[in-house]
Amino acid sequence: MVNIPRSHPRYESLLQREKVIEGFKKGYVALAGLIAHGRGECFDYLIGEKTIEPAMKAAEAAAAALLLSENPVISVNGNTAALAAEKVVELAEEARAKIEVNLFYRTEERAKKIADVLKRAGAKEVLGVNDAVAMIPELESERRRVSPSGILKADAVVVPLEDGDRTEALRKLGKVVIAIDLNPLSRTSRAANITVVDNVTRALPNITNFVRRYKTKNKSELRRILTSYDNDMILRDTIAVIKRRLDQLIKEGITLDLFS
Ligand code: PTJ
């Protein structure tokens, strides 16, 4: 991996880019994953590369949904494995969720490599490799291949960096879909029950922290959090945050003051 000096003003962002490139070179990030990452970077810029208030509310609702579910599953693709394997494992442990590899550009080799990355990060069991034998109806992409003991029977599914089609198909099966997507305008964001518009690297630990805090809450309190959550409002608030940031830049100026 290229050595990025810690003092570089865009260290975090460049490091993430290197992790995705590394994952591609090792054969588990899809070529299109590099493009998807670039799109994500652009939206991350627009939200200020930090967790914004609507994303925190969505993370809270996501935690409540996971704690209320009987069979939660975290779906993992190439980019998520490259950027946040340990964070997936931590959330899975706290929320007693299963981990399943599910790929848009599925090859058995990539699925196996992603499972290995997750196991090295501490996952005890990873579904979706040899057991992706069930099919999600009405879905034609490779994402339709799921594990009968994972996504097929899940009642809540966390889907980071998803394509909209599967989100809609999972919703039609009656599952609660928790999307993590930096693009508030994507089909995934608009079709999910709960959309955390944040980088997967920040969203996962935020959800994990809420799960830790809310474990002791009773079910009616958790249900109250869920019923008061409105995803359409959260997405509108997200776009409003972006608009405010842009308005502020227009008002205050955009160029960097390098010499003061
Ligand atoms: O590993 P595979 O085969 O399943 O393929 C994965 C990709 C990501 C290539 C595939 O799912 C795909 O093509 O996804 P899309 O349709 O490009 O959607 C990815 C979404 O994730 C876009 O809306 C991006 O803005 C968003 N995104 C990119 N990077 C991040 C992100 N969201 C959260 N955190 C990120 N780091």
Side-chain angles (χ1 to χ4, degrees), residues 12-24 26-52 54-55 58-59 62 74-85 87-88 91 99-115 117-118 126 128-129 132 136 139 141-146 151 157-170 177-192 194-207 235 238-239 242:
E12 260 311 315
S13 176
L14 291 177
L15 189 66
Q16 282 186 25
R17 193 178 276 191
E18 283 306 316
K19 284 182 181 173
V20 177
I21 293 171
E22 191 70 10
F24 173 70
K26 288 188 172 157
Y28 65 87
V29 169
L31 180 56
L34 304 179
I35 298 170
H37 184 76
R39 189 194 300 175
E41 281 181 341
C42 177
F43 280 100
D44 213 0
Y45 245 94
L46 291 175
I47 62 168
E49 294 176 309
K50 60 178 183 353
T51 301
I52 57 174
I74 306 171
S75 176
V76 178
N77 63 7
N79 290 50
T80 305
L83 290 171
K87 291 166 182 173
V88 166
L91 175 59
I99 300 174
E100 177 165 344
V101 178
N102 183 274
L103 303 177
F104 189 78
Y105 301 99
R106 187 180 178 95
T107 65
E108 294 318 308
E109 193 194 346
R110 282 190 63 220
K112 199 179 161 311
K113 283 184 180 173
I114 291 168
V117 170
L118 289 161
V126 180
V129 182
I136 301 178
L139 194 57
S141 80
E142 283 299 302
R143 281 212 193 262
R144 70 186 185 280
R145 297 178 198 284
V146 293
I151 290 172
V157 191
V158 181
V159 293
L161 282 87
E162 181 71 8
D163 63 290
D165 262 23
R166 187 173 66 135
T167 301
E168 288 169 40
L170 292 174
V177 180
I178 301 162
I180 300 174
D181 190 335
L182 276 161
N183 179 2
L185 308 173
S186 72
R187 284 193 71 82
T188 301
S189 290
R190 297 161 71 190
I194 298 168
T195 307
V196 187
V197 181
D198 205 358
N199 197 314
V200 67
T201 57
R202 298 187 297 267
L204 287 170
N206 285 339
I207 300 171
L235 292 178
T238 303
I239 296 165
I242 294 173

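The figures here come from the full heavy-atom set of this structure, side chains too, leaving out hydrogens, waters and symmetry mates. Read the numbers this way: they start at 1 and go in the same order the structure lists the ligands and their atoms.
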Would you say atom 31 (C) of ligand 1 touches the protein, meaning some protein heavy atom is under 4.0 Å from it?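 Under 4.0 Å from atom 31 (C) of ligand 1, at least one protein heavy atom found.
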When rounded to the nearest 0.5 angstrom, what is the spacing between [atom1] in [X] and [atom2] in [Y]?
{"X": "Arg39", "Y": "Phe43", "atom1": "CZ", "atom2": "CZ", "answer": "7.5 Å"}
{"X": "Leu182", "Y": "Leu161", "atom1": "CG", "atom2": "CG", "answer": "7.5 Å"}
{"X": "Ile114", "Y": "Thr80", "atom1": "CD1", "atom2": "OG1", "answer": "8.5 Å"}

[X], any N or O under 3.5 Å of ligand 1 N or O:
{"X": "Phe104", "result": "yes"}
{"X": "Ala30", "result": "no"}
{"X": "Arg143", "result": "yes"}
{"X": "Tyr105", "result": "yes"}

Which residue owns the protein heavy atom closest to [atom], what's the atom, and how far is it?
{"atom": "atom 16 (O) of ligand 1", "result": "Glu162 O, 4.1 Å"}
{"atom": "atom 34 (N) of ligand 1", "result": "Val200 N, 2.9 Å"}
{"atom": "atom 7 (C) of ligand 1", "result": "Asn77 ND2, 4.3 Å"}
{"atom": "atom 27 (N) of ligand 1", "result": "Leu161 CG, 3.7 Å"}
{"atom": "atom 36 (N) of ligand 1", "result": "Asn199 OD1, 3.0 Å"}

Side chain to side chain donor-acceptor pair (under 3.5 Å) for Arg166 and Ser75? Distances and angles first, verdict last. CA-CA 11 Å; Arg166 187 173 66 135; Ser75 176; 2.9 Å; yes
Can you sort out which atoms of ligand 1 are near [X], meaning under 4.0 Å from one of its heavy atoms?
{"X": "Ala36", "value": "8 (C), 17 (O), 24 (C), 28 (C), 29 (N)"}
{"X": "Gly78", "value": "1 (O)"}
{"X": "Gly40", "value": "25 (O), 27 (N), 28 (C), 29 (N)"}
{"X": "Asp198", "value": "33 (C), 34 (N)"}
{"X": "Gly33", "value": "9 (C)"}
{"X": "Ala32", "value": "9 (C)"}
{"X": "Asp181", "value": "20 (C), 21 (O), 22 (C), 23 (O), 24 (C), 25 (O), 26 (C), 32 (N)"}
{"X": "Leu83", "value": "36 (N)"}

Check this for me: does any side-chain nitrogen of one of [X] and [Y] sit under 4.0 Å from a carboxylate oxygen of the other?
{"X": "Glu109", "Y": "Lys113", "result": "yes"}
{"X": "Glu108", "Y": "Arg106", "result": "yes"}
{"X": "Asp44", "Y": "Arg202", "result": "yes"}
{"X": "Arg143", "Y": "Glu162", "result": "yes"}

Nearest option to atom 3 (O) of ligand 1, as decided by whichever heavy atom of Arg202, His37, Arg110 sits closest: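 Closest candidate by heavy-atom distance is Arg110.
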Contact check, Glu142 vs ligand 1, heavy-atom distance below 4.0 Å: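 Glu142 does not count as a contact of ligand 1 under the 4.0 Å cut-off.
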Evaluation steps, side-chain contact (heavy atoms from CB on, under 4.5 Å), between Val146 and Glu100: CA-CA 8 Å; Val146 293; Glu100 177 165 344; 3.5 Å; yes
Under 3.5 Å, is there a donor-acceptor pair between the Asn102 and Arg145 side chains?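 No, because no side-chain N or O of Asn102 sits under 3.5 Å from a partner of the opposite role on Arg145.
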If we ignore angles and hydrogens, is there a donor and acceptor under 3.5 Å between the side chains of Asn183 and Ser189?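 Distance-only check fails for Asn183 and Ser189.
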Around atom CZ of Arg144, are there more than 12 heavy atoms from other residues, nucleotides or ligands closer than 6.0 Å?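 Yes, the 6.0 Å shell around CZ holds more than 12 heavy atoms from other groups.
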Give the contacting part of Gln16 toward ligand 1: side chain, backbone, both or neither, where contact means a heavy-atom distance below 4.0 Å.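 Neither part.
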Evaluate side chain to side chain donor-acceptor pair (under 3.5 Å) for Ser141 paired with Asp165, printing each intermediate quantity in order. CA-CA 8 Å; Ser141 80; Asp165 262 23; 5.9 Å; no
